[in-house]
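This report refers to the structure that appears directly beneath it.
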Amino acid sequence: MMPAVSADLSKRLVPDELWELVAPLLPPFAVRPQGGGTAPRDERAVFTAVVYVLTSGCAWRHLPPTFGTSSATAHHRFNVWTEAGLWRRLHRAVLDELGARARWTGSRRSSTRPPFSPKGGSLTGPNPVDRGKKGSKLRVLSDAQGIPLAVAVSGANMHDSLALKPLILVG
């Protein structure tokens, strides 16, 4: 039997304060109507494994077994949580908590990353600095401390000034 993830690593990845925000937002475990399937797992252990994969860049299939959940379970639960809108609701809950603690000033700043994947579908456009190859830009609106408030994808040819207005309306 593999040892469990150290309490130190688990608390660093998902501190108690974060877990208090996350726990009520998680959709309840749904038992399959036809029966079978896997038994419910410790939600915090699964969430910690998901956070580990997302923050470390580890492939799902390489998730260490010491997290107490299989990579398939963690990946499946990640997909279920994504479909249920957990990440957007968690983002809002974190911002609300920071605002309540007066750690968020509300002042905003915008940043643009260079063009990335050409597979942005309708959100691609000719890149003016890369010989007209199709590309996309990821645009992030953050507060003064760098906490993201809104994210948008646009074609690489869209000027930053045009992309700012939708970000401000969302953020």
Side-chain angles (χ1 to χ4, degrees), residues 4-5 9-100 104 108 110-124 135-143 145-156 158 163 166-171:
V5 172
L9 175 61
S10 181
K11 293 291 184 184
R12 229 174 350 136
L13 288 171
V14 182
D16 292 335
E17 296 82 12
L18 176 59
W19 181 244
E20 289 172 13
L21 291 174
V22 172
L25 300 176
L26 293 176
F29 182 79
V31 177
R32 294 173 13 165
Q34 69 270 29
T38 59
R41 301 281 184 231
D42 174 25
E43 294 279 31
R44 187 170 183 163
V46 175
F47 186 78
T48 303
V50 168
V51 169
Y52 174 78
V53 168
L54 296 177
T55 59
S56 71
C58 168
W60 289 104
R61 68 181 177 276
H62 294 139
L63 179 68
T66 56
F67 278 94
T69 185
S70 72
S71 61
T73 298
H75 187 243
H76 173 72
R77 203 68 62 82
F78 168 77
N79 288 330
V80 168
W81 292 339
T82 300
E83 289 174 17
L86 170 69
W87 308 112
R88 180 177 292 276
R89 291 191 330 264
L90 178 57
H91 184 229
R92 175 54 50 198
V94 168
L95 291 177
D96 290 345
E97 180 66 23
L98 289 173
W104 179 54
R108 301 174 176 188
S110 177
S111 68
T112 303
R113 287 195 50 148
F116 60 101
S117 171
K119 297 180 181 177
S122 64
L123 298 176
T124 60
S136 303
K137 283 186 183 176
L138 176 65
R139 299 166 189 280
V140 180
L141 179 69
S142 64
D143 72 358
Q145 284 95 21
I147 297 172
L149 302 173
V151 178
V153 179
S154 69
M158 180 183 278
L167 282 176
I168 291 173
L169 296 175
V170 172

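This one's a predicted model, so the numbers in the text were calculated from it and none came from an experiment.
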Write down the atom of [X], the atom of [Y], and the distance for their closest heavy-atom approach.
X     : Y     : result
Ala93 : Leu25 : CB-CD1, 4.1 Å
Ala49 : Thr69 : CB-CG2, 3.7 Å
Ser71 : Arg61 : OG-CA, 3.9 Å

### Query
Would you call Asp16 and Arg44 a salt bridge, using N to O less than 4.0 angstrom?
yes
### Query
What's the verdict on side-chain contact (heavy atoms from CB on, under 4.5 Å) for Trp60 and Val50, showing C-alpha distance, side-chain angles and the deciding distance?
CA-CA 9 Å; Trp60 289 104; Val50 168; 4.1 Å; yes
## Note on the structure
Between the CG atom in Leu21 and the CG atom in Asp96, the distance rounded to the nearest 0.5 Å is 9.0 Å
### Message
Leu18 vs Leu13, test: side-chain contact (heavy atoms from CB on, under 4.5 Å). Steps then yes/no.
### Response
CA-CA 9 Å; Leu18 176 59; Leu13 288 171; over 6 Å; no
## Note on the structure
Sorted by chain and number, sequence neighbours left out, side-chain contact (heavy atoms from CB on, under 4.5 Å) with Glu43 holds for Trp19, Leu26, Arg77, Trp81
### Task
List the steps, then state whether side-chain contact (heavy atoms from CB on, under 4.5 Å) holds for His76 with Thr73.
CA-CA 5 Å; His76 173 72; Thr73 298; 5.8 Å; no
### Task
Please determine which of Val53, Leu54, Thr55 meets the side chain to side chain contact (heavy atoms under 4.5 Å, CB included) test together with Val51.
Thr55
### Message
Could you check whether any side-chain heavy atom of Val94 comes within less than 4.5 Å of a side-chain heavy atom of His91, counting everything from C-beta outward?
### Response
no
### Task
Evaluate the side-chain contact (heavy atoms from CB on, under 4.5 Å) criterion for residues Arg92 and Leu95: first the C-alpha distance (whole Å), next the side-chain angles of each, then the deciding distance (0.1 Å), finally the verdict.
CA-CA 5 Å; Arg92 175 54 50 198; Leu95 291 177; 4.2 Å; yes
